[in-house]
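Everything on this sheet refers to the single structure shown next.
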Amino acid sequence: MSTILITGASGFIGSHLVMALAAAGHRIVCATRRGQPEDIRGIKDLKGTGPTYIAADFTRDFDMEVWKKRLAGIDVVINAVGILREHGRQTFQALHDRAPRALFAACEAANVKVVQISALGADENARSRYHLSKKAADDALLASPNNRSKSMVVQPSLVYGPGGTSAQLFNLIASLPVIPLPGAGNQRIQPIHIDDLTQAVVELLQTDRYLGQRIPLVGPEPITFRDYLGELRHLMGLGTPTFLPVPVGFVEFSARRLGQLSQRLGKGLLDLETWQMLQRGNIADPAMTRAVLGRNPRPVREFASKWEVQALRLSALLGWLQVVLRVSLAAVWFVAGAVSMGIYPVEESYVLLARVGITGGLAPIALYGAAAMDIAFGFGTLFLRDRRLLWIAQVTLIGVYMVAITLFLPEFWLHPFGPLIKNLPILAVILLLYELEKR
């Protein structure tokens with residue numbers, strides 16, 4: 001068995017390759033920027049040996065001499081580094097082109113085999129910077145006669161599987177009560193499951209048949225984007241989909257605007273380039289995929305087993321129901337604050353405060369201070385990125401309110417509108433949000 005260096009080992013495709021290749025008995029060396037990733041801890045090969053780790057940074061490792069030092073004892077390098085969105089120093093040119101070129105040059109000098117994980121669409125018709133940067137590295141690898149004789153370029157289509165950002169997004173969209181579609185949703189794609197992709201790579205390492213080639217890895221047949229979302233919805237057991245076509249012009253306008261936000265945040269899937277990539281389509285002849293696997297790749301309807309469906313459905317629903325819960329909770333805090341600011345008669349509020357023991361100059365401070373805190377909680381619920389302490393503060397405040405009212409205004413427990421008992425589902429919502437977000 002081979003000793004394999006996997007770059008991008010903590011990413012979606014890279015981490016799945018680590019597991020598949022370790023299970024096949026290969027010794028794995030993981031190149032990552034930050035230590036040992038949690039998602040590939042505990043993996044063992046057939047000898048019970050776990051992966052080893054080396055530090056590598058594709059934003060600056062542009063010298064082949066740096067890579068040559070890392071290739072001692074390595075038989076194969078699999079480059080699985082890839083980004084969909086640029087952010088800071090993580091640019092397409094650096095991560096997809098410059099660092100891979102240095103790595104490939106070092107592999108050539110050390111006589112190491114290379115498997116480049118590229119992307120379907122990185123070809124002569126490429127227009128997006130994502131595809132063009134991938135193609136530049138692919139071309140550089142295969143242009144060298146020495147590398148070409150012992151390397152290959154794997155070009156997967158849209159990849160679906162656990163931990164995949166696009167899979168999570170499309171599952172979420174497919175689970176919506178009304179599913180928005182870009183235009184008629186007739187864009188053609190050919191998604192492949194991550195397990196088929198990793199099995200194909202395992203098989204490719206066992207043969208020299210495909211050396212020097214570009215190998216497209218795709219699903220069994222093209223499918224429209226509309227049908228893909230419908231299949232995912234059916235897969236999750238959510239019934240017949242209801243689609244809402246969105247005008248293409250509006251989608252393109254949104255892609256331009258959201259792309260600016262995505263660029264600043266370094267995340268997100270919709271921008272002008274990804275929209276244009278979807279419009280172009282992402283399909284290929286599945287014959288080579290069948291040949292490598294020795295069988296048909298699995299269709300979308302088989303992307304999840306019956307044992308995975310419940311977790312898949314719950315994860316997709318929570319993806320957007322969390323937002324619904326946060327917006328609803330924020331509305332409660334905003335309304336409570338606005339009402340206390342004066343919509344509810346202030347004098348009656350002072351009467352209630354007096355029964356609790358707050359009178360004189362403390363009364364307006366307590367009234368308007370609590371109202372301001374409620375409104376602040378509303379804004380925090382909507383806009384804070386780390387909300388763990390916010391949830392604890394909200395539960396604490398609600399608890400203080402409930403204890404005070406129970407001691408001094410116990411009749412509100414028997415009020416027909418249930419102003420106190422309704423705090424119980426609100427507390428349950430906050431607990432759910434805390435548990436979902438605390439990690």
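Remember, predicted model here, so these are calculated numbers, not experimental data. The chain is numbered in sequence order, starting from 1.
Open room surrounds CZ on R98; 12 or fewer heavy atoms of other groups in view lie less than 6.0 Å from it. For R60, the CZ atom sits in a loose shell: 12 or fewer heavy atoms of surrounding residues, nucleotides or ligands are nearer than 6.0 Å.
Looking at residues two or more places apart in sequence or on another chain, you find no salt bridge (charged side-chain N to carboxylate O under 4.0 Å, His left out) involving R226. Evaluation of the salt bridge (charged side-chain N to carboxylate O under 4.0 Å, His left out) rule for D123 yields R280 as partners, not counting sequence neighbours. In this view, D63 satisfies the salt bridge (charged side-chain N to carboxylate O under 4.0 Å, His left out) rule with no residue, not counting sequence neighbours. With sequence neighbours left out, the salt bridge (charged side-chain N to carboxylate O under 4.0 Å, His left out) criterion links D374 to no other residue. Applying the side chain to side chain contact (heavy atoms under 4.5 Å, CB included) rule to V332 yields the partners I426; only residues at least two apart in sequence or on another chain are considered. Checked against side-chain hydrogen bond (donor to acceptor under 3.5 Å, both in side chains), D138 has the following partners two or more places apart in sequence or in another chain: Q116, S118. In this structure, E231 has no side-chain hydrogen bond (donor to acceptor under 3.5 Å, both in side chains) partners at least two apart in sequence or on a different chain. In terms of the side-chain hydrogen bond (donor to acceptor under 3.5 Å, both in side chains) criterion, E221 has no residue partners (sequence neighbours excluded). The side-chain hydrogen bond (donor to acceptor under 3.5 Å, both in side chains) check on N282 picks up S157, with sequence neighbours excluded.
A distance-only check finds no donor-acceptor pair linking the side chain of K135 to the backbone of G121 [under 3.5 Å]. Remark: the backbone N or O of V218 is paired with a side-chain donor or acceptor of T289 at under 3.5 angstrom. Checking side-chain atoms of R33 against main-chain N and O of F58 turns up no donor-acceptor pair under 3.5 Å.
Using cut-offs of 30° and 60° for the angle between ring planes, the Y160 and H193 rings count as tilted.
Residue pairs satisfying the side chain to side chain donor-acceptor pair (under 3.5 Å) criterion with at least one member in residues 325-341, sequence neighbours excluded, are listed as follows: W333-Q394. A side chain to side chain donor-acceptor pair (under 3.5 Å) check over residues 173-188, counting only residues at least two apart or in different chains, returns the pairs S175-W320, Q187-Q279. Pairs passing the side chain to side chain donor-acceptor pair (under 3.5 Å) check and including a residue from residues 410-420, sequence neighbours excluded, read R355-E411, T406-W413.
Between L397 and M373, the shortest heavy-atom distance links the atoms CD2-SD, 3.8 Å.
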